[in-house]
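Below is one structure, written out as structure tokens; the observations come after it.
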Amino acid sequence: MVNKIGTGEYVVKCPECGSTDLYHDYERAEVICNQCGLVVDEDLMDEGPEWRAFDNEQAEKRSRTGAPMTYLIHDMGLSTTIDWRNKDSSGRDIPSQQRAQLYRMRKWQQRIRVSNAKERNLTIALTELNKIASKLDLPKNVRESAAVVYRKAVDKGLIRGRSIEGVVAACIYIACRRCSVPRTLDEIAEASMMDRKEIGRIYRFILRELGINLSPTTPLDYIPRFCSSLGLSREVQMKAMDILNKAMNLQLTSGRGPTGVSAAAIYIASVLVGERRTQQEISEVAGVTEVTIRNRYKEIAEKLEIEITM
DNA sequence: AAGACGAAAGTGGTTGA
DNA sequence: TCAACAACTTTCGTCTT
């Protein structure tokens, strides 16, 4: 099957003709053999973060019926039934049967609220987690990873004094980086409607308390997503990674924000391959300014001796 | 008219005393 | 805890295509 190697190269043989020349169509989520045209693989979904375009639609569709539904069943379902009874009772006499029913419902609600705080917390948190993850188009494995981190945090009692949303957001941030699908703090802050600083604080706190070690984000991790958002071909993507690798070898990336470096590499690659994107377009998806892209790409182009002709 | 460029001042986060 | 510092942003006028 499809194997992801560290370089971002996908190695697979076409069962029909044995060729390794395969084309990945992210829009359709298919792997097609360039030699004989056979559709080698159709389900790219679980293969990794790269199929964002595909996962995008699917996640969107899913989340519409998924997260809000459970939301409805949990919160709304319960509270509306009780409201209903109250209204009804205020208008008319309550038969003893309904009284009994009302009593039972109250008891039920009480049980849910009081009996198992941890379960309750988890239910709310996981719902929240799915909502945020949907907004960020995160694949399932990242969501699960985030859930695992959250569960550990709950077990250690790290939630106390912190908002559930904040901790969830931080867990997602951690999970993203663990799975090499980094999102910036800004993106997560936007999706979770939390303060960026707050998430950062909680994030550091959880890392320390759970003893999690994260290797620092590399600009390479951002390339697939940015390229995909910009509708750039695989060729550009490979080129950008190539440039980045060389730049990293020359220590051009240390101390620099990874998103900026990544954006610059993509800019250079897009020009070289002839699928030019403007600095502004790239700056938007990368979340950095054009100025930063300019500074980075000047440095890289100079050191790598790449000529850029307009 | 849009994109690229770069100077200059401002901002937020890290570091070291 | 505070000031220095580098990276990055904002803003804006100019040049290029």
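These figures come from a predicted structure and were not determined experimentally. All chains are named by letter (A, B, ...) in the order of the sequence lines, taking the proteins before the strands, and each is independently numbered beginning at 1.
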Taking N or O atoms only and anything under 3.5 Å, show me the protein contacts with nucleotides 6-13 of chain B, one pair per line.
from   : atom 1 : to       : atom 2 : distance (Å)
B/dG6  : N7     : A/Arg294 : NE     : 3.3
B/dG6  : N7     : A/Arg294 : NH2    : 3.0
B/dG6  : O6     : A/Arg294 : NH2    : 3.1
B/dG13 : OP1    : A/Arg196 : NH2    : 3.1

Whole-Å gap separating C1' (B/dA2) and CD (A/Gln280) =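 For the pair A/Gln280 CD and B/dA2 C1', the rounded distance is 10 Å.
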
A/Tyr267 OH - B/dA4 C1' separation (whole Å) |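 For the pair A/Tyr267 OH and B/dA4 C1', the rounded distance is 7 Å.
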
Sidechain-backbone polar pair: A/Arg183 side chain, A/Leu136 backbone, donor-acceptor under 3.5 Å =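 Yes, the answer is positive, given that a donor and an acceptor are paired below the 3.5 Å cut-off.
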
Main-chain N/O of A/Asn130 paired to A/Ser134 side chain as donor or acceptor, under 3.5 Å |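 At least one qualifying donor-acceptor pair exists.
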
Over 12 foreign heavy atoms within 6.0 Å of CD, A/Glu275 =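 Yes.
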
Between N or O atoms, less than 3.5 Å apart, protein on one side and nucleotides 2-7 of chain C on the other: list the pairs.
none

Tell me whether A/Leu250 is reachable from A/Ile243 by hopping between hydrophobic residues (I, L, V, M, F, W, Y) whose side-chain heavy atoms are closer than 4.5 Å.
->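 Same cluster: A/Ile243 reaches A/Leu250 through Ile, Leu, Val, Met, Phe, Trp or Tyr contacts under 4.5 Å.
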
Could you tell me whether the phosphate oxygens of B/dC5, OP1 or OP2, come under 4.0 Å of any side-chain nitrogen or oxygen in A/Gln279?
->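 A/Gln279 to B/dC5 OP1/OP2: side-chain N or O found under 4.0 Å.
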
Would you say a side-chain N or O of A/Tyr297 is under 4.0 Å from OP1 or OP2 of B/dC5?
->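 Answer yes for this pair, as a side-chain N or O of A/Tyr297 is under 4.0 Å from OP1 or OP2.
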
With a 4.0 Å cut-off, would you call A/Arg225 and A/Glu187 a salt bridge?
->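 Salt bridge flag = yes for A/Glu187 with A/Arg225.
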
Tell me what A/Thr278 touches on the nucleic acid: a base, only sugar-phosphate, or nothing, going by heavy atoms under 4.0 Å.
->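 Sugar-phosphate contact only - A/Thr278 comes under 4.0 Å of backbone atoms but never of a base.
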
Heavy-atom closest contact (A/Gln279 atom, A/Ile293 atom, distance) =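 Result for this residue pair: O-CD1, 3.5 Å.
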
Exercise: identify the closest heavy-atom pair between A/Pro258 and A/Pro219 =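 Smallest heavy-atom distance, with atoms named: O-CB, 3.6 Å.
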
Is C/dA6 paired to anything, Watson-Crick or G-U wobble with both distances less than 3.5 Å, and if yes, which nucleotide?
->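 Looking at the geometry, C/dA6 pairs with no nucleotide.
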
Could you give all pairs that pass the side chain to side chain donor-acceptor pair (under 3.5 Å) test and reach residues 154-176 of chain A, with sequence neighbours left out?
->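 Counting only pairs at least two positions apart or across chains, the side chain to side chain donor-acceptor pair (under 3.5 Å) contacts touching residues 154-176 of chain A are A/Lys118-A/Asp155.
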
